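Scroll down for the structure; my scribbles are underneath it.
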Amino acid sequence: MSLVKLYDTTLRDGTQAEDISLLVEDKIRIARKLDEIGIHYIEGGWPGSNPKDVAFFKDIKKEKLSHAKIAAFGSTRRAKITPDKDQNIRTLIQAEPDVVTIFGKTWDFHVREALRISLDENLELIFDSLEYLKAHAPEVFYDAEHFFDGYKANAEYAIKTLKAAEDAKVDCIVLCDTNGGTMPFELAEIIKDVRKHIKTPLGIHTHNDSECAVANSLLAVDQGIVQVQGTINGFGERCGNANLCSVIPALKLKMKQECISGDQLKKLRELSRYVYELANFSPNKHQPYVGNSAFAHKGGVHVSAIQRHPETYEHIRPELVGNTTRVLISDLSGRANILAKAEEFQINLDSKDPVTLDILDNIKEMENRGYQFEGAEASFELLMKRALGTHKKFFSVIGFRVIDEKRHEEQKTISEATIMVKVGGKVEHTAAEGNGPVNALDNAIRKALEKFYPRIKEVKLLDYKVRVLPAGQGTASATRVLIESGDKESRWGTVGVSDNIIDASYQALIDCIEYKLHKDEEAEIRRK
Ligand SMILES: CC(=O)SCCNC(=O)CCNC(=O)[C@H](O)C(C)(C)COP(=O)(O)OP(=O)(O)OC[C@H]1O[C@@H](n2cnc3c(N)ncnc32)[C@H](O)[C@@H]1OP(=O)(O)O
Ligand SMILES: CC(=O)C(=O)O
(Lines give C-alpha, C1' and ligand atoms only; values in the text may rest on other atoms or scores of the structure.)
(Ligands and ions follow the chains in the order given, each with its own letter.)
Protein backbone atom coordinates (compact mmCIF):
# COMPACT_ATOMS: atom_id res chain seq x y z
CA MET A 1 0.00 0.00 0.00
CA SER A 2 1.58 3.34 -1.02
CA LEU A 3 1.78 6.29 1.33
CA VAL A 4 -0.99 8.91 1.17
CA LYS A 5 0.54 12.28 1.95
CA LEU A 6 -1.43 14.59 4.24
CA TYR A 7 -1.36 18.28 3.41
CA ASP A 8 -2.79 20.49 6.12
CA THR A 9 -4.08 23.96 5.21
CA THR A 10 -5.54 24.95 8.60
CA LEU A 11 -3.10 27.85 8.76
CA ARG A 12 -4.10 29.14 5.30
CA ASP A 13 -7.55 27.99 4.09
CA GLY A 14 -8.59 27.37 7.74
CA THR A 15 -8.01 31.04 8.52
CA GLN A 16 -10.22 32.00 5.57
CA ALA A 17 -13.17 30.84 7.73
CA GLU A 18 -15.43 33.49 9.21
CA ASP A 19 -14.41 34.31 12.82
CA ILE A 20 -11.05 32.54 12.65
CA SER A 21 -7.87 34.49 13.00
CA LEU A 22 -4.59 33.14 14.32
CA LEU A 23 -1.60 35.06 15.64
CA VAL A 24 1.82 34.13 14.28
CA GLU A 25 2.63 32.47 17.65
CA ASP A 26 -0.60 30.42 17.42
CA LYS A 27 0.31 29.31 13.92
CA ILE A 28 3.74 28.19 15.07
CA ARG A 29 2.26 26.25 17.99
CA ILE A 30 -0.26 24.55 15.71
CA ALA A 31 2.48 23.74 13.20
CA ARG A 32 4.45 21.97 15.96
CA LYS A 33 1.42 19.86 16.84
CA LEU A 34 0.74 19.03 13.19
CA ASP A 35 4.32 17.90 12.85
CA GLU A 36 4.04 15.74 15.99
CA ILE A 37 0.99 13.95 14.64
CA GLY A 38 2.76 13.18 11.37
CA ILE A 39 1.26 15.62 8.86
CA HIS A 40 3.53 15.62 5.82
CA TYR A 41 2.94 19.16 4.53
CA ILE A 42 1.87 22.24 6.50
CA GLU A 43 0.63 25.15 4.41
CA GLY A 44 1.55 28.12 6.56
CA GLY A 45 -0.09 30.97 4.66
CA TRP A 46 0.15 33.27 1.69
CA PRO A 47 3.31 35.39 2.08
CA GLY A 48 2.16 37.76 -0.68
CA SER A 49 -0.97 38.52 1.33
CA ASN A 50 0.08 40.09 4.62
CA PRO A 51 3.04 40.73 6.97
CA LYS A 52 1.77 38.14 9.48
CA ASP A 53 2.20 35.38 6.92
CA VAL A 54 5.66 36.67 6.00
CA ALA A 55 6.57 36.53 9.72
CA PHE A 56 5.31 32.96 9.97
CA PHE A 57 7.73 31.75 7.28
CA LYS A 58 10.59 33.56 8.99
CA ASP A 59 9.77 32.20 12.47
CA ILE A 60 9.01 28.63 11.44
CA LYS A 61 12.63 28.27 10.28
CA LYS A 62 13.73 28.45 13.92
CA GLU A 63 11.61 25.39 14.75
CA LYS A 64 13.04 21.89 14.63
CA LEU A 65 10.19 20.02 13.00
CA SER A 66 10.63 16.27 12.96
CA HIS A 67 9.50 15.65 9.41
CA ALA A 68 6.76 18.03 8.18
CA LYS A 69 7.55 20.20 5.17
CA ILE A 70 6.37 23.80 5.14
CA ALA A 71 4.43 25.03 2.12
CA ALA A 72 3.82 28.62 1.05
CA PHE A 73 0.70 29.43 -0.95
CA GLY A 74 0.06 31.90 -3.75
CA SER A 75 -1.33 32.27 -7.23
CA THR A 76 -0.08 32.12 -10.79
CA ARG A 77 1.46 35.36 -12.02
CA ARG A 78 -0.66 38.29 -13.03
CA ALA A 79 -1.30 38.76 -16.76
CA LYS A 80 1.10 40.89 -18.83
CA ILE A 81 4.16 40.41 -16.61
CA THR A 82 6.82 37.75 -16.38
CA PRO A 83 7.04 35.56 -13.25
CA ASP A 84 10.32 37.11 -12.10
CA LYS A 85 8.59 40.53 -12.00
CA ASP A 86 5.45 39.27 -10.25
CA GLN A 87 5.41 40.46 -6.63
CA ASN A 88 3.38 37.46 -5.46
CA ILE A 89 5.79 34.96 -7.01
CA ARG A 90 8.80 36.83 -5.67
CA THR A 91 7.48 36.75 -2.11
CA LEU A 92 6.83 33.03 -2.42
CA ILE A 93 10.50 32.45 -3.26
CA GLN A 94 11.72 34.92 -0.63
CA ALA A 95 9.77 33.00 2.04
CA GLU A 96 12.11 30.04 1.35
CA PRO A 97 9.59 27.30 2.08
CA ASP A 98 10.18 23.60 1.41
CA VAL A 99 7.26 23.64 -1.01
CA VAL A 100 5.51 26.29 -3.07
CA THR A 101 1.85 25.71 -3.93
CA ILE A 102 0.12 28.00 -6.37
CA PHE A 103 -3.42 27.97 -7.63
CA GLY A 104 -4.47 28.68 -11.18
CA LYS A 105 -7.67 28.80 -13.16
CA THR A 106 -9.19 25.70 -14.74
CA TRP A 107 -12.72 26.86 -15.46
CA ASP A 108 -13.09 28.76 -18.73
CA PHE A 109 -15.84 30.88 -17.13
CA HIS A 110 -13.36 32.05 -14.44
CA VAL A 111 -10.67 32.77 -16.98
CA ARG A 112 -13.03 35.00 -18.93
CA GLU A 113 -14.87 36.58 -16.00
CA ALA A 114 -12.43 36.69 -13.06
CA LEU A 115 -9.10 37.09 -14.88
CA ARG A 116 -10.57 38.63 -18.05
CA ILE A 117 -7.89 37.10 -20.28
CA SER A 118 -7.99 34.64 -23.15
CA LEU A 119 -8.00 30.89 -22.55
CA ASP A 120 -4.58 30.56 -24.21
CA GLU A 121 -3.09 33.33 -22.09
CA ASN A 122 -4.23 31.49 -18.95
CA LEU A 123 -2.38 28.36 -20.13
CA GLU A 124 0.78 30.48 -20.49
CA LEU A 125 0.24 31.94 -17.00
CA ILE A 126 0.06 28.45 -15.52
CA PHE A 127 3.00 27.04 -17.44
CA ASP A 128 5.51 29.82 -17.00
CA SER A 129 4.63 30.54 -13.33
CA LEU A 130 5.19 26.88 -12.49
CA GLU A 131 8.26 26.46 -14.68
CA TYR A 132 9.85 29.50 -13.01
CA LEU A 133 8.98 28.27 -9.53
CA LYS A 134 10.33 24.78 -10.28
CA ALA A 135 13.70 26.44 -10.91
CA HIS A 136 13.56 28.32 -7.59
CA ALA A 137 11.84 26.05 -5.04
CA PRO A 138 12.63 22.51 -3.90
CA GLU A 139 9.10 21.19 -4.55
CA VAL A 140 6.15 22.74 -6.39
CA PHE A 141 2.47 21.79 -6.22
CA TYR A 142 -0.27 23.11 -8.47
CA ASP A 143 -3.79 23.64 -7.08
CA ALA A 144 -6.18 23.41 -10.05
CA GLU A 145 -8.82 25.76 -8.68
CA HIS A 146 -12.46 24.87 -9.57
CA PHE A 147 -11.21 21.77 -11.32
CA PHE A 148 -14.46 19.79 -11.13
CA ASP A 149 -16.71 22.71 -12.14
CA GLY A 150 -14.26 23.53 -14.93
CA TYR A 151 -14.29 19.93 -16.14
CA LYS A 152 -18.09 19.84 -16.17
CA ALA A 153 -18.22 23.09 -18.16
CA ASN A 154 -15.40 22.38 -20.63
CA ALA A 155 -13.54 19.12 -20.02
CA GLU A 156 -11.14 19.61 -22.90
CA TYR A 157 -9.95 22.98 -21.62
CA ALA A 158 -9.80 21.82 -18.00
CA ILE A 159 -7.49 18.96 -18.98
CA LYS A 160 -5.37 21.38 -21.05
CA THR A 161 -4.74 23.46 -17.90
CA LEU A 162 -3.52 20.34 -16.09
CA LYS A 163 -1.31 19.49 -19.06
CA ALA A 164 0.27 22.96 -18.82
CA ALA A 165 1.16 22.18 -15.19
CA GLU A 166 2.43 18.73 -16.13
CA ASP A 167 4.60 20.22 -18.88
CA ALA A 168 6.14 22.51 -16.24
CA LYS A 169 7.08 19.31 -14.35
CA VAL A 170 5.28 20.11 -11.09
CA ASP A 171 5.54 17.53 -8.33
CA CYS A 172 1.82 17.19 -7.71
CA ILE A 173 -1.37 18.45 -9.38
CA VAL A 174 -4.14 19.00 -6.86
CA LEU A 175 -7.71 18.77 -8.12
CA CYS A 176 -9.78 21.32 -6.21
CA ASP A 177 -13.52 21.28 -5.57
CA THR A 178 -13.34 24.97 -4.78
CA ASN A 179 -17.08 25.67 -4.56
CA GLY A 180 -17.72 22.40 -2.74
CA GLY A 181 -20.66 21.42 -4.93
CA THR A 182 -19.33 18.24 -6.52
CA MET A 183 -21.14 14.98 -5.70
CA PRO A 184 -19.07 11.90 -4.82
CA PHE A 185 -20.33 9.87 -7.80
CA GLU A 186 -19.36 12.69 -10.24
CA LEU A 187 -15.96 13.14 -8.64
CA ALA A 188 -14.97 9.48 -9.01
CA GLU A 189 -15.86 9.45 -12.70
CA ILE A 190 -13.99 12.68 -13.39
CA ILE A 191 -10.82 11.48 -11.66
CA LYS A 192 -10.93 8.27 -13.69
CA ASP A 193 -10.87 10.36 -16.86
CA VAL A 194 -8.10 12.68 -15.59
CA ARG A 195 -5.90 9.68 -14.94
CA LYS A 196 -6.13 8.73 -18.60
CA HIS A 197 -4.49 12.06 -19.57
CA ILE A 198 -2.24 13.03 -16.65
CA LYS A 199 0.67 11.02 -15.26
CA THR A 200 1.85 13.52 -12.61
CA PRO A 201 0.87 12.45 -9.05
CA LEU A 202 -2.55 13.84 -8.14
CA GLY A 203 -3.88 15.45 -4.97
CA ILE A 204 -7.35 16.43 -3.81
CA HIS A 205 -8.61 19.62 -2.12
CA THR A 206 -12.33 19.69 -1.30
CA HIS A 207 -14.72 22.12 0.32
CA ASN A 208 -17.75 21.14 2.35
CA ASP A 209 -20.57 23.20 0.84
CA SER A 210 -22.54 20.04 0.02
CA GLU A 211 -21.37 18.22 3.17
CA CYS A 212 -19.37 15.87 0.89
CA ALA A 213 -15.79 17.10 1.47
CA VAL A 214 -14.64 14.10 3.51
CA ALA A 215 -16.47 11.57 1.30
CA ASN A 216 -15.01 13.19 -1.81
CA SER A 217 -11.48 13.08 -0.37
CA LEU A 218 -11.80 9.39 0.49
CA LEU A 219 -13.21 8.56 -2.91
CA ALA A 220 -10.35 10.42 -4.54
CA VAL A 221 -7.87 8.24 -2.63
CA ASP A 222 -9.84 5.22 -3.75
CA GLN A 223 -9.23 6.49 -7.30
CA GLY A 224 -5.46 6.57 -6.75
CA ILE A 225 -4.88 10.11 -5.50
CA VAL A 226 -1.74 10.37 -3.37
CA GLN A 227 -2.10 13.70 -1.55
CA VAL A 228 -5.09 14.79 0.55
CA GLN A 229 -5.50 18.41 1.55
CA GLY A 230 -7.72 19.45 4.43
CA THR A 231 -7.89 21.25 7.75
CA ILE A 232 -8.18 20.32 11.40
CA ASN A 233 -11.83 20.36 12.48
CA GLY A 234 -12.79 21.22 8.90
CA PHE A 235 -12.20 24.96 9.39
CA GLY A 236 -12.15 26.86 6.11
CA GLU A 237 -13.72 29.28 3.67
CA ARG A 238 -17.58 29.31 3.84
CA CYS A 239 -18.66 25.84 5.08
CA GLY A 240 -15.09 24.70 5.52
CA ASN A 241 -12.64 22.21 4.03
CA ALA A 242 -12.34 18.44 4.24
CA ASN A 243 -11.97 17.69 7.92
CA LEU A 244 -8.66 15.91 8.48
CA CYS A 245 -9.92 14.71 11.87
CA SER A 246 -12.32 12.49 9.90
CA VAL A 247 -10.19 11.90 6.81
CA ILE A 248 -7.14 10.58 8.70
CA PRO A 249 -8.85 7.87 10.79
CA ALA A 250 -10.91 6.79 7.79
CA LEU A 251 -7.75 6.43 5.67
CA LYS A 252 -5.86 4.60 8.38
CA LEU A 253 -8.52 2.45 10.00
CA LYS A 254 -11.05 1.81 7.26
CA MET A 255 -9.08 2.06 4.01
CA LYS A 256 -5.86 0.66 5.51
CA GLN A 257 -3.84 3.40 3.80
CA GLU A 258 -0.44 4.23 5.18
CA CYS A 259 -0.44 7.87 6.37
CA ILE A 260 0.44 8.31 10.08
CA SER A 261 1.34 5.79 12.79
CA GLY A 262 -1.10 4.25 15.26
CA ASP A 263 0.57 6.16 18.13
CA GLN A 264 0.20 9.43 16.24
CA LEU A 265 -3.45 8.67 15.54
CA LYS A 266 -4.04 8.42 19.29
CA LYS A 267 -3.21 12.14 19.52
CA LEU A 268 -5.97 13.13 17.08
CA ARG A 269 -8.54 14.22 19.66
CA GLU A 270 -5.91 16.22 21.53
CA LEU A 271 -4.91 17.97 18.29
CA SER A 272 -8.53 18.78 17.45
CA ARG A 273 -9.10 20.35 20.87
CA TYR A 274 -5.81 22.23 20.74
CA VAL A 275 -6.78 23.88 17.47
CA TYR A 276 -10.25 24.76 18.80
CA GLU A 277 -8.62 26.30 21.86
CA LEU A 278 -6.15 28.46 19.91
CA ALA A 279 -8.86 29.50 17.45
CA ASN A 280 -10.99 30.46 20.47
CA PHE A 281 -13.84 28.16 19.46
CA SER A 282 -15.83 25.74 21.62
CA PRO A 283 -15.23 22.18 20.42
CA ASN A 284 -18.07 20.63 18.44
CA LYS A 285 -19.14 17.85 20.81
CA HIS A 286 -20.92 15.97 18.02
CA GLN A 287 -17.85 15.89 15.76
CA PRO A 288 -17.18 12.37 14.42
CA TYR A 289 -14.20 10.51 15.91
CA VAL A 290 -12.94 13.32 18.19
CA GLY A 291 -16.05 14.96 19.71
CA ASN A 292 -17.18 14.32 23.29
CA SER A 293 -20.37 12.71 21.99
CA ALA A 294 -18.68 10.61 19.30
CA PHE A 295 -18.74 7.57 21.60
CA ALA A 296 -21.35 8.72 24.15
CA HIS A 297 -24.22 6.29 24.62
CA LYS A 298 -27.58 7.45 25.86
CA GLY A 299 -30.33 4.97 24.93
CA GLY A 300 -30.69 2.14 27.47
CA VAL A 301 -30.66 -0.46 24.68
CA HIS A 302 -27.35 0.89 23.35
CA VAL A 303 -25.70 0.97 26.78
CA SER A 304 -26.79 -2.55 27.59
CA ALA A 305 -25.34 -3.81 24.29
CA ILE A 306 -22.01 -1.91 24.39
CA GLN A 307 -21.31 -3.37 27.79
CA ARG A 308 -21.52 -6.81 26.24
CA HIS A 309 -19.63 -5.83 23.06
CA PRO A 310 -18.57 -2.21 22.35
CA GLU A 311 -18.70 -2.94 18.59
CA THR A 312 -22.49 -3.22 18.81
CA TYR A 313 -22.78 0.59 18.79
CA GLU A 314 -19.23 1.84 18.13
CA HIS A 315 -17.78 1.87 14.60
CA ILE A 316 -14.18 1.92 15.89
CA ARG A 317 -12.54 1.63 19.29
CA PRO A 318 -12.47 5.23 20.58
CA GLU A 319 -8.98 4.83 22.11
CA LEU A 320 -7.54 4.54 18.59
CA VAL A 321 -8.17 8.27 18.09
CA GLY A 322 -7.62 9.25 21.73
CA ASN A 323 -11.31 9.34 22.61
CA THR A 324 -13.28 7.36 25.22
CA THR A 325 -16.60 5.65 25.57
CA ARG A 326 -19.07 7.60 27.70
CA VAL A 327 -22.36 6.54 29.18
CA LEU A 328 -25.01 9.24 29.51
CA ILE A 329 -27.82 9.33 32.00
CA SER A 330 -31.24 10.52 30.89
CA ASP A 331 -34.89 9.54 30.81
CA LEU A 332 -33.94 7.20 27.95
CA SER A 333 -31.77 5.26 30.40
CA GLY A 334 -32.31 1.72 31.56
CA ARG A 335 -30.58 -0.16 34.35
CA ALA A 336 -27.52 -0.71 32.16
CA ASN A 337 -26.80 3.05 32.07
CA ILE A 338 -27.02 3.31 35.86
CA LEU A 339 -24.77 0.27 36.37
CA ALA A 340 -22.22 1.57 33.88
CA LYS A 341 -22.15 4.97 35.56
CA ALA A 342 -21.82 3.39 39.00
CA GLU A 343 -18.85 1.39 37.74
CA GLU A 344 -17.24 4.57 36.40
CA PHE A 345 -17.53 6.09 39.92
CA GLN A 346 -16.31 2.82 41.48
CA ILE A 347 -19.65 2.29 43.23
CA ASN A 348 -20.83 -1.30 43.58
CA LEU A 349 -24.36 -1.73 42.30
CA ASP A 350 -26.21 -4.84 41.40
CA SER A 351 -28.77 -4.83 38.57
CA LYS A 352 -31.23 -6.61 40.87
CA ASP A 353 -30.61 -4.30 43.81
CA PRO A 354 -33.80 -2.28 44.54
CA VAL A 355 -31.53 0.78 44.96
CA THR A 356 -30.73 0.60 41.22
CA LEU A 357 -34.40 0.78 40.36
CA ASP A 358 -34.92 3.56 42.93
CA ILE A 359 -32.13 5.59 41.34
CA LEU A 360 -33.62 5.00 37.89
CA ASP A 361 -37.11 6.08 39.03
CA ASN A 362 -35.65 9.07 40.79
CA ILE A 363 -33.74 10.16 37.67
CA LYS A 364 -36.76 9.80 35.43
CA GLU A 365 -38.86 11.82 37.85
CA MET A 366 -36.16 14.51 38.16
CA GLU A 367 -35.70 14.67 34.38
CA ASN A 368 -39.42 15.18 34.12
CA ARG A 369 -38.96 18.28 36.29
CA GLY A 370 -36.21 19.52 33.98
CA TYR A 371 -33.03 18.03 35.42
CA GLN A 372 -30.47 16.76 32.96
CA PHE A 373 -27.48 14.76 34.05
CA GLU A 374 -25.57 14.80 30.78
CA GLY A 375 -22.74 17.16 31.55
CA ALA A 376 -23.62 17.03 35.26
CA GLU A 377 -21.92 13.80 36.25
CA ALA A 378 -20.91 15.18 39.65
CA SER A 379 -24.56 15.85 40.62
CA PHE A 380 -25.37 12.35 39.42
CA GLU A 381 -22.64 10.80 41.56
CA LEU A 382 -23.90 12.69 44.61
CA LEU A 383 -27.43 11.48 43.85
CA MET A 384 -26.20 7.87 43.79
CA LYS A 385 -24.32 8.34 47.03
CA ARG A 386 -27.44 9.76 48.68
CA ALA A 387 -29.49 6.77 47.51
CA LEU A 388 -26.84 4.35 48.79
CA GLY A 389 -26.40 6.14 52.11
CA THR A 390 -22.69 6.79 51.41
CA HIS A 391 -23.13 10.55 51.05
CA LYS A 392 -21.34 12.53 53.76
CA LYS A 393 -22.85 15.78 54.94
CA PHE A 394 -19.84 18.09 55.20
CA PHE A 395 -22.09 21.10 55.94
CA SER A 396 -25.70 22.21 55.88
CA VAL A 397 -27.09 25.50 54.66
CA ILE A 398 -29.50 27.09 57.13
CA GLY A 399 -30.54 29.81 54.71
CA PHE A 400 -29.41 32.50 52.27
CA ARG A 401 -30.53 35.86 50.95
CA VAL A 402 -29.55 37.64 47.74
CA ILE A 403 -30.19 41.33 47.18
CA ASP A 404 -29.83 43.33 43.96
CA GLU A 405 -29.92 47.05 44.43
CA LYS A 406 -29.81 50.02 42.05
CA ARG A 407 -29.58 53.19 44.08
CA HIS A 408 -29.70 55.56 41.14
CA GLU A 409 -30.60 55.21 37.46
CA GLU A 410 -27.03 56.11 36.49
CA GLN A 411 -25.41 53.72 38.94
CA LYS A 412 -24.32 50.10 38.50
CA THR A 413 -26.58 47.48 40.09
CA ILE A 414 -25.00 46.12 43.27
CA SER A 415 -25.42 42.44 44.20
CA GLU A 416 -24.93 41.16 47.71
CA ALA A 417 -25.53 37.73 49.23
CA THR A 418 -25.63 36.54 52.83
CA ILE A 419 -25.57 32.91 53.86
CA MET A 420 -25.77 30.94 57.11
CA VAL A 421 -24.13 27.48 57.17
CA LYS A 422 -23.57 24.90 59.86
CA VAL A 423 -20.36 22.85 59.93
CA GLY A 424 -20.18 20.33 62.76
CA GLY A 425 -21.76 22.26 65.63
CA LYS A 426 -20.57 25.66 64.43
CA VAL A 427 -22.78 28.21 62.67
CA GLU A 428 -21.13 30.62 60.25
CA HIS A 429 -22.87 33.71 58.91
CA THR A 430 -21.18 35.61 56.07
CA ALA A 431 -21.93 38.19 53.40
CA ALA A 432 -20.23 38.90 50.08
CA GLU A 433 -20.66 41.14 47.09
CA GLY A 434 -20.36 39.93 43.53
CA ASN A 435 -20.51 40.71 39.88
CA GLY A 436 -24.21 39.87 39.67
CA PRO A 437 -26.38 37.87 42.10
CA VAL A 438 -25.05 34.39 41.24
CA ASN A 439 -21.46 35.51 41.66
CA ALA A 440 -22.35 37.17 44.99
CA LEU A 441 -23.94 33.93 46.20
CA ASP A 442 -20.95 31.89 45.00
CA ASN A 443 -18.60 34.25 46.87
CA ALA A 444 -20.70 34.06 50.05
CA ILE A 445 -20.83 30.23 49.99
CA ARG A 446 -17.08 29.99 49.53
CA LYS A 447 -16.36 32.61 52.18
CA ALA A 448 -18.52 30.76 54.70
CA LEU A 449 -16.95 27.35 54.02
CA GLU A 450 -13.34 28.11 53.17
CA LYS A 451 -12.22 28.48 56.77
CA PHE A 452 -13.41 24.90 57.45
CA TYR A 453 -12.32 23.48 54.10
CA PRO A 454 -9.48 25.60 52.69
CA ARG A 455 -9.15 23.44 49.54
CA ILE A 456 -12.40 24.99 48.27
CA LYS A 457 -10.12 27.89 47.17
CA GLU A 458 -8.79 25.59 44.43
CA VAL A 459 -12.20 25.33 42.76
CA LYS A 460 -12.67 27.47 39.69
CA LEU A 461 -15.99 28.05 38.00
CA LEU A 462 -15.29 27.33 34.32
CA ASP A 463 -18.68 27.59 32.69
CA TYR A 464 -22.20 28.61 33.66
CA LYS A 465 -25.19 27.90 31.43
CA VAL A 466 -28.86 28.71 31.95
CA ARG A 467 -31.67 27.07 29.98
CA VAL A 468 -35.30 28.22 30.20
CA LEU A 469 -37.75 25.32 30.77
CA PRO A 470 -40.14 24.92 29.16
CA ALA A 471 -39.68 27.58 26.57
CA GLY A 472 -42.61 29.91 26.02
CA GLN A 473 -43.50 30.97 29.57
CA GLY A 474 -41.28 34.00 29.48
CA THR A 475 -39.90 35.24 32.79
CA ALA A 476 -42.20 32.82 34.70
CA SER A 477 -40.44 29.77 33.21
CA ALA A 478 -38.48 27.27 35.27
CA THR A 479 -34.73 27.30 34.67
CA ARG A 480 -31.98 24.72 34.56
CA VAL A 481 -28.48 25.82 35.49
CA LEU A 482 -25.46 23.76 34.46
CA ILE A 483 -22.14 24.63 36.02
CA GLU A 484 -18.76 23.31 35.03
CA SER A 485 -16.05 23.59 37.67
CA GLY A 486 -12.50 22.39 37.97
CA ASP A 487 -9.37 22.23 40.09
CA LYS A 488 -5.79 21.23 39.31
CA GLU A 489 -6.78 17.59 38.84
CA SER A 490 -10.16 17.43 37.16
CA ARG A 491 -13.32 19.11 35.88
CA TRP A 492 -16.86 18.28 36.92
CA GLY A 493 -20.39 19.36 36.08
CA THR A 494 -23.33 20.02 38.40
CA VAL A 495 -26.97 20.92 37.80
CA GLY A 496 -29.83 22.72 39.54
CA VAL A 497 -33.46 23.23 38.51
CA SER A 498 -35.96 25.67 39.94
CA ASP A 499 -38.50 28.26 38.87
CA ASN A 500 -36.11 30.70 40.54
CA ILE A 501 -32.83 31.18 38.69
CA ILE A 502 -30.93 32.00 41.91
CA ASP A 503 -32.23 28.83 43.57
CA ALA A 504 -31.25 26.72 40.52
CA SER A 505 -27.77 28.29 40.63
CA TYR A 506 -27.58 27.69 44.38
CA GLN A 507 -28.27 23.95 43.94
CA ALA A 508 -25.60 23.62 41.24
CA LEU A 509 -23.08 25.62 43.35
CA ILE A 510 -23.69 23.51 46.46
CA ASP A 511 -23.30 20.28 44.48
CA CYS A 512 -20.06 21.67 43.08
CA ILE A 513 -18.60 22.25 46.56
CA GLU A 514 -19.93 18.94 47.95
CA TYR A 515 -18.43 17.06 45.04
CA LYS A 516 -15.04 18.68 45.60
CA LEU A 517 -15.08 17.74 49.29
CA HIS A 518 -16.07 14.12 48.56
CA LYS A 519 -13.53 13.82 45.79
CA ASP A 520 -10.65 15.12 47.93
CA GLU A 521 -11.58 12.99 50.91
CA GLU A 522 -11.74 9.84 48.76
CA ALA A 523 -8.38 10.67 47.18
CA GLU A 524 -6.91 11.11 50.68
CA ILE A 525 -8.26 7.71 51.77
CA ARG A 526 -6.81 6.09 48.65
CA ARG A 527 -3.41 7.68 49.36
CA LYS A 528 -3.42 6.28 52.89
C1 LIG B 1 -9.60 29.24 -3.81
C2 LIG B 1 -8.82 30.01 -2.85
O3 LIG B 1 -9.04 29.84 -1.68
S4 LIG B 1 -7.63 31.03 -3.38
C5 LIG B 1 -7.09 31.82 -1.94
C6 LIG B 1 -7.94 32.95 -1.57
N7 LIG B 1 -7.35 33.61 -0.45
C8 LIG B 1 -7.22 34.92 -0.38
O9 LIG B 1 -7.66 35.65 -1.24
C10 LIG B 1 -6.59 35.47 0.86
C11 LIG B 1 -5.34 36.30 0.58
N12 LIG B 1 -5.57 37.30 -0.43
C13 LIG B 1 -5.08 38.56 -0.36
O14 LIG B 1 -4.45 38.95 0.60
C15 LIG B 1 -5.35 39.46 -1.53
O16 LIG B 1 -6.49 39.03 -2.23
C17 LIG B 1 -4.11 39.49 -2.49
C18 LIG B 1 -2.96 40.23 -1.77
C19 LIG B 1 -3.65 38.12 -2.85
C20 LIG B 1 -4.45 40.21 -3.77
O21 LIG B 1 -4.95 41.47 -3.44
P22 LIG B 1 -5.40 42.52 -4.60
O23 LIG B 1 -4.23 42.74 -5.47
O24 LIG B 1 -5.97 43.67 -3.90
O25 LIG B 1 -6.49 41.75 -5.46
P26 LIG B 1 -7.90 41.18 -5.05
O27 LIG B 1 -7.88 40.76 -3.63
O28 LIG B 1 -8.96 42.15 -5.44
O29 LIG B 1 -7.98 39.87 -5.97
C30 LIG B 1 -8.35 39.95 -7.33
C31 LIG B 1 -7.14 39.92 -8.21
O32 LIG B 1 -6.51 38.62 -8.16
C33 LIG B 1 -6.29 38.18 -9.50
N34 LIG B 1 -6.27 36.72 -9.52
C35 LIG B 1 -7.22 35.90 -9.02
N36 LIG B 1 -6.85 34.63 -9.24
C37 LIG B 1 -5.65 34.66 -9.88
C38 LIG B 1 -4.77 33.68 -10.40
N39 LIG B 1 -5.04 32.38 -10.27
N40 LIG B 1 -3.64 34.09 -10.98
C41 LIG B 1 -3.36 35.39 -11.08
N42 LIG B 1 -4.13 36.38 -10.64
C43 LIG B 1 -5.28 36.00 -10.02
C44 LIG B 1 -7.50 38.76 -10.26
O45 LIG B 1 -7.27 38.81 -11.62
C46 LIG B 1 -7.57 40.15 -9.67
O47 LIG B 1 -6.58 40.95 -10.27
P48 LIG B 1 -6.94 42.42 -10.88
O49 LIG B 1 -7.54 43.16 -9.74
O50 LIG B 1 -5.61 42.93 -11.32
O51 LIG B 1 -7.91 42.13 -11.97
C1 LIG C 1 -6.89 26.30 -3.71
C2 LIG C 1 -8.08 26.38 -2.92
O3 LIG C 1 -8.04 26.75 -1.77
C4 LIG C 1 -9.34 26.00 -3.54
O5 LIG C 1 -9.40 25.82 -4.74
O6 LIG C 1 -10.32 25.89 -2.79
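Every value quoted in this text rests on a predicted model; they were computed, and no experiment measured them. Throughout, numbering of the chain's residues begins at 1 and tracks the sequence. One-based numbering, in listed order, for ligands and for the atoms of each.
Using a 4.0 Å heavy-atom criterion, the residues that approach ligand 1 are Arg12, Gln16, Trp46, Gly48, Ser49, Phe73, Ser75, Thr76, Arg77, Arg78, Phe103, Gly104, Lys105, Ala114, Leu115, Glu145, Thr178.
Looking only at heavy atoms of the protein, atom 2 (C) of ligand 2 is closest to His205 NE2, 3.3 Å. The protein heavy-atom contact nearest to atom 5 (O) of ligand 2 is Thr178 OG1, 2.6 Å.
An N or O contact shorter than 3.5 Å links Arg12 to ligand 2 by distance. Taking any N or O of Asp143, backbone or side chain, none lies under 3.5 Å from an N or O belonging to ligand 2. Between His146 and ligand 2, not a single N/O pair is under 3.5 Å apart.
Screening Leu22, Leu23, Ile28, Asp26 against Phe56 for a side-chain contact (heavy atoms from CB on, under 4.5 Å) leaves a single residue, Ile28.
Taking the six-membered ring where the residue is Trp, Tyr371 and Phe373 present parallel rings, their angle staying beneath 30° rather than reaching 60°. In this pair, Phe235 and Tyr276 present their aromatic rings perpendicular. The plane angle is above 60°, beyond the 30 to 60° band.
With sequence neighbours excluded, the residues satisfying salt bridge (charged side-chain N to carboxylate O under 4.0 Å, His left out) with Glu319 are Arg317. Looking at residues two or more places apart in sequence or on another chain, you find a side chain to side chain donor-acceptor pair (under 3.5 Å) between Lys298 and Glu374.
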For residues 288-295, which side-chain donor-acceptor pairs fall under 3.5 Å, sequence neighbours excluded?
from, atom 1, to, atom 2, distance (Å)
Asn292, OD1, Arg269, NH1, 3.0
Asn292, OD1, Arg269, NH2, 3.1
Ser293, OG, Lys285, O, 3.4

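Donor-acceptor pairing under 3.5 Å is lacking for the side chains of Asp143 and His205. A side-chain donor from one of Gln229 and Gln227 sits under 3.5 Å from a side-chain acceptor of the other. No side-chain N or O of Glu166 forms a donor-acceptor pair with one of His197 less than 3.5 Å apart.
Here is the list of ligand 2 atoms found below 4.0 Å of a heavy atom in His207: 6 (O).
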